[in-house]
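Each remark here refers to the structure printed beneath this line.
Numbers restart at 1 for each chain; the letters A, B, ... are given by sequence-line order, proteins then strands. Quick note: numbers below take in every heavy atom, side chains included, and nothing from hydrogens, waters or symmetry partners.
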There are 4 protein chains.
Amino acid sequence: MSKKENIVHAAIQMFREKGIDKTTVSDIVKNAGIAQGTFYLYFSSKLALMPAIAEVMVEKTMDIVKDTVQEDAPFQEKLEQLVGAIFLVAREYNEIQALIYAGLASTEHLKEWETVYAPFYQWISALLIEAEQAKVVRDTINIERTSKLLIGLVESAAEQVYLYDVTDETEVNRQKEEVLLFLLHALGVKQ
Amino acid sequence: MSKKENIVHAAIQMFREKGIDKTTVSDIVKNAGIAQGTFYLYFSSKLALMPAIAEVMVEKTMDIVKDTVQEDAPFQEKLEQLVGAIFLVAREYNEIQALIYAGLASTEHLKEWETVYAPFYQWISALLIEAEQAKVVRDTINIERTSKLLIGLVESAAEQVYLYDVTDETEVNRQKEEVLLFLLHALGVKQ
Amino acid sequence: MSKKENIVHAAIQMFREKGIDKTTVSDIVKNAGIAQGTFYLYFSSKLALMPAIAEVMVEKTMDIVKDTVQEDAPFQEKLEQLVGAIFLVAREYNEIQALIYAGLASTEHLKEWETVYAPFYQWISALLIEAEQAKVVRDTINIERTSKLLIGLVESAAEQVYLYDVTDETEVNRQKEEVLLFLLHALGVKQ
Amino acid sequence: MSKKENIVHAAIQMFREKGIDKTTVSDIVKNAGIAQGTFYLYFSSKLALMPAIAEVMVEKTMDIVKDTVQEDAPFQEKLEQLVGAIFLVAREYNEIQALIYAGLASTEHLKEWETVYAPFYQWISALLIEAEQAKVVRDTINIERTSKLLIGLVESAAEQVYLYDVTDETEVNRQKEEVLLFLLHALGVKQ
DNA sequence: TATGAATGAGCCTTCATTCAT
DNA sequence: GATGAATGAAGGCTCATTCAT
């Protein structure tokens, strides 16, 4: 693992433990096993970490999504798997998700948000295009916009249950079902 | 305006101008025209402001929503008006929305988020109940969950356009149309 | 003594002991018996001290000069006393003199140098005007310029002996005599 | 140009641009086109540069002085040329002059100041000896001391006008005239 | 209630110096 | 000799909070 990755991962860990504000650069470097000054060879400041962290988070998300959604499953099942995957990520990283977003928001790096999310948007777009061509969704969908709406919807649904340390599996499942139902109608999924 | 409200409004203004991190208590009191110590007569710390600010933001949102959505309009139109209202609020306060959320998230006050949002959720719930009773939406809707999904969806859709200083009215309108279409299908709105 | 004066005097003392570079704000506040943050209520940075210190140094110089130069002495004696006074200040403060100058030079405060020195220049100007009117000096003197030349000459002469920790009284006296002789001719002092 | 000279010249350039304190070894090596570590092969520390820089500055000064002062000119003219030369150097290097002095002052290298300046003092001494032998100056001059007084006087006069970015040629010329007049009297120059 | 000068812990950041290659 | 990534001590400065008035 490169020193830069080292820093990013150490930072993610500390942020999860203490939150962004409470985490000091000193915490990060201790955790990464490097010297204080070394941090600044790779990042100009603590906030400059955010885009790199966001990128890693999106990578993690996509890894899980790709692992979970089966290529050859029917579209409806794929959607269900997708919702499951996003909930999985949210459960694991809900604390950090909001923080990164806020971290980006409180810097000049906000514009990078779209860039960072782009691969995820594209992946969902591909999914929708396939469904459209298979005529299993309504044909009035604007692919690009809808892929973003979909992610926004499911992520906010996941946050709603996980942000409050909900551990009640039943509650989580009901939320998943409801958002899936909502989604199926929204996309006009046939059968 | 009471001194407490004074502080809250001064804080909102400063947060919008400089972000939460960069805003100091000193900035807030200067802006509020009070002494440094007076701040602590009303709030135990800087972070203790967050719930109060969130409350004000929700109030503002609901004021606009109530003003925009016409009591006697057909449901579909009400939805359209609702989307418009949420976009309106987002345009005006997009910078601060994320910050408050993050502000709550980085404290112990996060649990208050639900409480603060409760009136808005209830208002939407009432809207959906009405529609259900009028049988203009699908009858498989879970009111409580769906009202939250709806808000989550529309707010994230609004953020997607406004977070990047989009001023292109056409672009905004397309996003509104797409989210409305998405929503109409999701709720199974008839006619 | 006001807190501000307190800081200035503590700084002068520390600068003399350790030099400007080696002196930290922390040293200064410890010496002044105040908190770290208090320093910044009065001075925006360590370098912002320089004009205040320079002012105090010029005050000290003028106090000594006024004490040493006798109102009713003949001009030639006054000059001799003046040279003595400037040498006295230089002996006491030679380390700091150069440092202040350098301190001002390495900031944007350099322009204040003239302002700070103004009272001293004026005092010498008055001395020269008196001598001119008494016709004990050549009548081709430009008062303003010459007062500055005089100070520049004598201070540099003093530095030349004291900068190297010269403690040999004879050596110092010879330098005083030589600069006085130089000065008497330069001003065309009669008798 | 040797690597050592390279460093010295790069340092002079950076010092003029940013001042001594703000100039880092990193700046110097970048400017010299060498590696960070290489610097320490030639100089034991940043401050160890100062004597080398001072030496270069004195060399530059003497080059200009020798070029300007004509061997066979009458003494009075030589003096005028000398003043002109010192002003020329000061105009070009006024920012750095004070800084070097301060740089030496804030180190243990101060004692080298005399050594560095020695060639210049000797050159002026030779000039005065010649004048004394030609009986064009008063015969009470102590050559060694006076040569230092002369340089101190003229350099401080030059600083007085150039330190404040005076670009008014008339103003500069008046200062030159006044210091020359002062000097002619001081040395008792005949005719 | 209201004030605002004072506090001081602690963070971010810099940068001269080193050393393995 | 040359390199430049890595070091880590140290200092400037901020700012939430307190408390005597």
For nucleotides 12-21 of chain E, 5' to 3', base contacts (B), sugar-phosphate-only contacts (S) and non-contacts (-) with protein non-hydrogen atoms under 4.0 Å give SBBBSBB---

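Applying the ring-ring contact (aromatic ring centres under 6.0 Å, His included) test to B:F39 and every residue at least two apart in sequence or in another chain returns B:F43. For C:E92, the salt bridge (charged side-chain N to carboxylate O under 4.0 Å, His left out) partners at least two apart in sequence or on another chain are C:R16. Applying the side chain to side chain donor-acceptor pair (under 3.5 Å) rule to D:E17 yields the partners D:Q13; only residues at least two apart in sequence or on another chain are considered. A:Y93 meets the side chain to side chain donor-acceptor pair (under 3.5 Å) test with A:K60; sequence neighbours excluded. Applying the side chain to side chain donor-acceptor pair (under 3.5 Å) criterion to D:E155, with sequence neighbours excluded, gives D:Y117. By the side chain to side chain donor-acceptor pair (under 3.5 Å) test, D:K3 pairs with no residue at all, sequence neighbours left out.
Counting to the nearest Å, the C1' atom of F:dA5 and the CG atom of A:N6 are 15 Å from each other. The interatomic distance linking B:K30 (NZ) with E:dT3 (P) rounds to 15 Å, in whole Å. Counting to the nearest Å, the C1' atom of F:dA16 and the CE atom of B:M50 are 14 Å from each other. When rounded to the nearest whole Å, the span between CG of D:D27 and P of F:dG4 equals 16 Å. Atom pair B:L41:CG and F:dA16:P shows a separation of 17 Å (rounding to whole Å applied). Note: NZ (A:K18) to P (E:dG10) measures 11 Å, nearest angstrom.
Both A:Y42 and D:G33 sit near DNA chain F, but only D:G33 has its closest nucleotide nearer the 5' end.
Counting only residues at least two apart or on different chains, the salt bridge (Lys or Arg N to Asp or Glu O under 4.0 Å) pairs with a member in residues 25-40 of chain A are A:K18-A:D27.
Looking at heavy-atom distances under 4.0 Å, C:F43 makes no contact with the nucleic acid at all.
Between C:K3 and the phosphate of E:dA6, there is a side-chain N or O to OP1/OP2 separation shorter than 4.0 Å.
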Read 5' to 3' with Watson-Crick or G-U pairs under 3.5 Å, [ ] for crossing pairs and | for partners on another strand, DNA chain E gives .||||||||||||||||||||

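Residues B:I28 and B:I7 meet the side-chain proximity criterion, which asks for heavy atoms closer than 4.5 Å. D:V56 has its side chain within reach of D:I12: a pair of non-hydrogen atoms, C-beta onward, lies under 4.5 Å apart.
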